[in-house]
Amino acid sequence: MPAHYTRLQWKNSQPYSEQYDDVFFSRAGGEAESQHVFIAANRLAQRFAGRQHFCIAETGFGSGLNFLLAVQCFLEHADTGASLDFVSVEKHLLHPDDVAQCHADRPHLKTIVDELLRCYPPAAPGMHRCLLFDGRIRLTLMHDDASHALGAVDMQVDAWFLDGFAPSKNQAMWSQPVFDAMARCSHAQTTVSTYTVAGVVRRGLQQAGFEVQKVPGFGDKREMLTGRYNGGRRRARQAPWFQLPRASGDCKQVVIVGAGIAGLTTAHQLAQRGCQITLVDCAAEAASAASGNPAAIVMPRLTVGDEVYNAFALQAFYFARQQYRKLQQSSQQPFWFESGVSTAVERERAEKMLDAAHMASAFLRLDFQYATKTERLWLRAEDAGWIRPSLACQQILAVCADSTRYVQAEVASVRAENHRHILLDSEERVIAEADCVVLANAHGLNALLGEQQYPVAANRGQVSLVEERDLLWRLPAPLSADRYITPALEGVACVGASYVDSQAASLSKSDHADNIDGVNSLFDRAIVSESAKQRLEGRVSFRAVTPDRLPMVGPAPDISDFKQRYRDLHHGKAEQNYAPARYRQGLYLNAGYGSHGFSQAFLCAEILASMIANTPAPVARPVLERLLPARFLVRELKRNRPRTDSVSPDRCQ
Ligand SMILES: Cc1cc2nc3c(=O)[nH]c(=O)nc-3n(C[C@H](O)[C@H](O)[C@H](O)COP(=O)(O)OP(=O)(O)OC[C@H]3O[C@@H](n4cnc5c(N)ncnc54)[C@H](O)[C@@H]3O)c2cc1C
Ligand SMILES: C[S@@+](CC[C@H](N)C(=O)[O-])C[C@H]1O[C@@H](n2cnc3c(N)ncnc32)[C@H](O)[C@@H]1O
């Protein structure tokens, strides 16, 4: 998959693809054709009215014209509280300048084009979620081949737009795997339309379970196809233990425990979906624990040879950047800095990372600015940056203040009663209750869950604050290796961070020394003066770490039932011999961010909000399964060995 944007070609003043030898729109008028073939044929104006949520999926995003017109129609006809998911797949993602040029002569669409360009995806392949109009419109753009991308998603689509280049020139786009994936994501009211009546398309759709008919086409095209799904319910082939309960989608009161970046982003994404939030934290103010450090680097951690992990890390990073940009625009105080980050990586690993083409061109390149005396190469993550966490957290809370009530209380347990979850304090007094509860309280999670324990441990980290006068270099951007240093802001630079398996909450002199020695060992020349060690301030907090260094995001499984139901999983019996898993209805987890909360929490919050609202997930199924809290149980049952990893202590901070 290309890791770059595709530049648009023009022929007779029409957007044109040399590779497919076809035009993007009809010569008779692209916009009128789109209106006829997609918007009118799917009766969108009528169907939007009165619906709280609608989902359109498209093959071939191209310049986004169909998307713009669908949004225009939605804004005109849907209720103000309703939201639209538009999921589209595009193998050759156009450069944003070309998208702008394509629509330059459409002033009536300018507001929507501007919103699209504001959150337009990076060139990196994979899935990207873009939020327009304060999240009312969710565009999920899959920069991928259609059959591959659609094979990996699970969603309920109301209307399909099929808009590949002509089937005779673009067979991959009109293949049976694409039609079958469409069927899997359709229901009895799902419609489809396309400009072509080619036999391969008609037969393919019929074979997948669509009833199709020819209707008058646009311009010089005599006919086009419309259709409806009539093939019965099909489920994705998912392992029974990962078949998640489908939420009703109408849960509008949500209680969240924990007001760090995990809880705040969850509140933010749910508030965008019209939920009222009760945010419970034992501290008087949000971001008082790990999320309150003076500075944090925002950069995806990329690994060698784990495509799914990298897809998640990159997607999460870019989604976070989109949200921080938006939040920064609404704040007077600077907290988000897109400076790039230079990172020293062991040579062999760095070379492998650069070899993985999509990372090299889309995200990482060799950084010739820095040479190092160690066996490491410097890589520059051009798009990365750094953040002032507590200011960012305050701003998140400020923008969803109207829908969020903050309650200071320490939750001691969660009790389930008649499909409701009741949060109790240590004296069994009720703090809050709701049908839907999200536990986003980091390593404090297990303390609330009695026997249902998860492998999340607390890990101590200390940052050291260095006065600007003690910096021997002026740093334009953070440097990162085993330790990191951020540029000075308001006279102070942040050096971090120690990583220790300890519960000690007080500042440690030796951690300070390790931090400073760590950054000074990056180069022949020290960055921080030795004398700084005498006057360092700092801060200690605790990361919540899981064994596979990924957060836990999703519904809480019923652990005892899981262990009983899948007790012989290690025998390797086929998946179809097992019944679907039982989950604790309405109880969700969002914790375990280790050292990457500020890059990962926004996307995970969007995943959770999509689950709760029963709308399409922003990530592909393989990514989702790597994040589900039940994954540890499944691994344990497959191995037939209990976990050996430590469980976090019962502590609030
Ligand atoms: C030293 C250090 C440096 C770091 N550097 C970076 C970095 O550069 N970049 C990056 O992305 N990440 C970094 N991280 C990681 C990042 O800070 C975390 O991943 C992130 O803050 C986790 O957010 P959270 O909301 O899950 O947890 P927290 O911010 O810890 O929030 C959990 C909240 O739950 C509350 N709580 C707990 N139990 C209860 C209870 N029983 N009742 C009520 N409330 C409860 C706590 O009071 C707390 O407010 C660093 C972490 C450390 C420790
Ligand atoms: C006719 S154009 C789409 C026009 C578009 N809907 C619009 O509104 O501008 C067809 C698009 O399909 C894309 N495409 C072609 N083959 C593909 C494939 N196998 N998977 C995904 N996209 C593909 C092309 O790059 C092109 O952008």
Side-chain angles (χ1 to χ4, degrees), residues 245 247-248 250-271 273 275-291 393 397 400-401 403-454 456 458 542 544 551-560 583-593 601 604-605 608-609 611-613 629 647-653:
S248 66
D250 52 14
C251 185
K252 292 291 176 207
Q253 312 279 337
V254 181
V255 175
I256 300 171
V257 182
I261 189 70
L264 290 164
T265 51
T266 307
H268 186 263
Q269 301 317 108
L270 283 168
R273 287 166 171 82
C275 295
Q276 291 294 319
I277 314 294
T278 304
L279 190 58
V280 185
D281 198 291
C282 48
E285 282 181 15
S288 295
S291 304
C393 287
L397 198 52
C400 51
S403 357
T404 306
R405 183 172 69 100
Y406 190 98
V407 175
Q408 186 187 359
E410 179 168 356
V411 182
S413 61
V414 184
R415 196 168 67 208
E417 231 174 71
N418 300 330
H419 299 296
R420 277 180 88 70
H421 299 281
I422 305 175
L423 308 188
L424 303 167
D425 69 12
S426 57
E427 289 170 27
E428 301 257 310
R429 287 178 305 218
V430 175
I431 299 170
E433 59 180 284
D435 293 352
C436 183
V437 166
V438 180
L439 302 182
N441 60 328
H443 50 90
L445 187 69
N446 284 321
L448 317 186
L449 291 175
E451 288 178 356
Q452 309 249 336
Q453 297 284 293
Y454 292 86
V456 55
F542 296 87
M552 294 186 286
V553 186
D558 181 332
I559 295 184
S560 355
Y583 282 84
R584 296 175 70 181
Q585 192 74 35
L587 184 65
Y588 297 87
L589 311 184
N590 185 9
Y593 284 94
C604 293
L608 259 195
M611 280 179 185
I612 293 169
V647 167
S648 75
D650 291 0
R651 53 199 310 284
C652 186
Q653 197 188 304

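Side-chain atoms are counted along with the backbone in the values below, which use heavy atoms only and exclude waters and symmetry mates.
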Hey, can you pull the donor-acceptor pairs under 3.5 Å for the side chains in residues 252-262, sequence neighbours left out?
from: Lys252; atom 1: NZ; to: Arg273; atom 2: O; distance (Å): 3.0

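Judged purely by atom type and a 3.5 angstrom limit, Tyr588 has no side-chain atom pairing as donor or acceptor with the backbone of Cys436. In this structure, the side chain of Gln453 engages the main chain of Asn446 through a donor-acceptor pair within 3.5 Å.
Residues that satisfy the side chain to side chain contact (heavy atoms under 4.5 Å, CB included) test with Ala271, not counting sequence neighbours, are Cys400, Ser403. When the side chain to side chain contact (heavy atoms under 4.5 Å, CB included) test is applied to Ser560, the partners found at least two apart in sequence or on another chain are Gln452, Asp558. By the side chain to side chain contact (heavy atoms under 4.5 Å, CB included) test, Ala416 is found to be paired with His421, residues two or more places apart in sequence or in another chain being considered. Every residue meeting the side chain to side chain contact (heavy atoms under 4.5 Å, CB included) condition with Glu427, not counting sequence neighbours, appears here in chain and number order: Asp425, Arg429.
Taking a 6.0 Å sphere around CD of Gln408, one finds it holds more than 12 heavy atoms contributed by other residues, nucleotides or ligands.
Looking at Val430 and Leu424, their side chains come closer than 4.5 Å, going by heavy atoms from C-beta outward. Val411 is not listed as a side-chain neighbour of Leu439, based on a closest heavy-atom distance of 4.5 Å or more. Looking only at side-chain heavy atoms (C-beta outward), Glu410 and Ser426 stay at 4.5 Å or farther from each other.
The nearest pair of heavy atoms linking Ile612 to Cys251 is CG2-CB, 4.4 Å. The two residues Tyr593 and Cys604 make their nearest non-hydrogen contact at OH-CB, 2.9 Å.
If you run side-chain contact (heavy atoms from CB on, under 4.5 Å) between Asn590 and each of Leu608, Asn441, Leu445, only Leu608 comes through.
For residues 430-447, every residue pair satisfying the salt bridge (Lys or Arg N to Asp or Glu O under 4.0 Å) rule, not counting sequence neighbours, is listed here: Arg420-Glu433, Arg420-Asp435.
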